[in-house]
Amino acid sequence: MSAELTGQVALVTGAGRGIGRAIAIALAEAGADVAVNYLDDRSEAEETAAAVQNTGRRALLLQGDVADQTVVERMVADAASQFGRLDIAVANAYYSDRQRFWEADMERFRRTVDVTMWGAFYTLRAATRRMIAQGRTGSVVMIGSPHAVLAVPQAMAYNLAKAAVDQIARTAAIELVEHHIRVNVIHPGWIDTPGEREHATEEQLQGAAVKLPWKRMGRPEEIARGVVFLCDPRSDYITGSTLTIDGGLTLPWWAHRGSAVPE
């Protein structure tokens, strides 16, 4: 069955490209109007907004750094004011800097935590406060990561930030049951996004991807479908859960007969 979000309003952070863009478009295809948050590349965000509008839904561009609590609260207020309500929030924006912790530039280390953890918390807090004030049910999806449970080297700041996101979501889920606001997490695997191409060539990416259990990288649209599923009113009984969409990445695939041992 297709999702039915007609008449609902969603806010997606970090929606200029990649997973965030795919989520914004998928929510619009399911019937929601979408507020598109972006940091600094307006042209990318405009492309996302245009794709949302091509589905027949309304789009609102919201520039702002999610690491700033005041900015996030303003964005939520603007989205609710423009569209008349807020039903869905997706905390997707992140920042990740890869360095060994004892050599890390602490400004970049803190930036990773500020955007990835605090940005997700600020989005959750502002959105749920709005939903509670509206007296309506709502759904928040936080884009987590297998980094929450895997000690990936050279990613301590990102690892700890994503681990915190998992705990934030579960705690929020139990605190919000009386308001019937659902909070869930998605753990994407290795997803084919523009951000990945900032760190590796196409040849390097494809060479590494074939070593994965599913023999390929994931697609942003596959994560977006998971978000729509969790936001669908028919998923009303799902809260405090983690949906893993990783093609088996977090399974002990390296121990499977015929699989390559991880390097």
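As the structure is a computational prediction, the values presented were derived from the model and not from experiment.
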Heavy-atom pair of closest approach, residues [X] and [Y]:
X	Y	value
His180	Thr137	O-CB, 3.4 Å
Gln99	Asp105	OE1-N, 3.0 Å
Phe109	Leu160	CZ-CD2, 4.1 Å
Gly226	Ile186	C-CD1, 3.5 Å
Ala169	Val185	CB-CG2, 3.3 Å
Asn92	Gly20	ND2-CA, 3.4 Å

Partner of Asp65 by side chain to side chain contact (heavy atoms under 4.5 Å, CB included), out of Asn37, Leu39, Asp114: Leu39
Once you round to the nearest 0.5 Å, how far does SG of Cys231 lie from CG of Leu27? 5.5 Å
To the closest 0.5 Å, what do you measure between CE (Met75) and CG (Asp68)?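 Result: 9.0 Å between the selected atoms.
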More than 12 heavy atoms from other groups under 6.0 Å of [atom1] on [X]:
X	atom1	result
Glu202	CD	yes
Glu107	CD	no
Trp190	CH2	yes
Ile132	CD1	yes

Under the side chain to side chain contact (heavy atoms under 4.5 Å, CB included) rule, what do Arg111 and Val115 come out as? Steps first, then yes or no, please. CA-CA 6 Å; Arg111 176 65 178 168; Val115 174; 3.3 Å; yes
Looking at side-chain heavy atoms only, is the closest gap between [X] and [Y] below 4.5 Å?
X	Y	value
Thr201	Leu205	no
Leu61	Glu46	yes
Met117	Lys162	no

As a quick check of understanding, evaluate salt bridge (Lys or Arg N to Asp or Glu O under 4.0 Å) for Arg219 and Asp192, giving each step before the final call. CA-CA 6 Å; Arg219 305 182 185 95; Asp192 190 351; over 6 Å; no
Test Gln134 against Arg85 for side chain to side chain contact (heavy atoms under 4.5 Å, CB included), laying out the working first. CA-CA 8 Å; Gln134 292 172 166; Arg85 59 192 285 174; 3.8 Å; yes
Test side chain to side chain contact (heavy atoms under 4.5 Å, CB included) on Thr123 and Met142 and set out the steps. CA-CA 9 Å; Thr123 301; Met142 307 183 79; over 6 Å; no
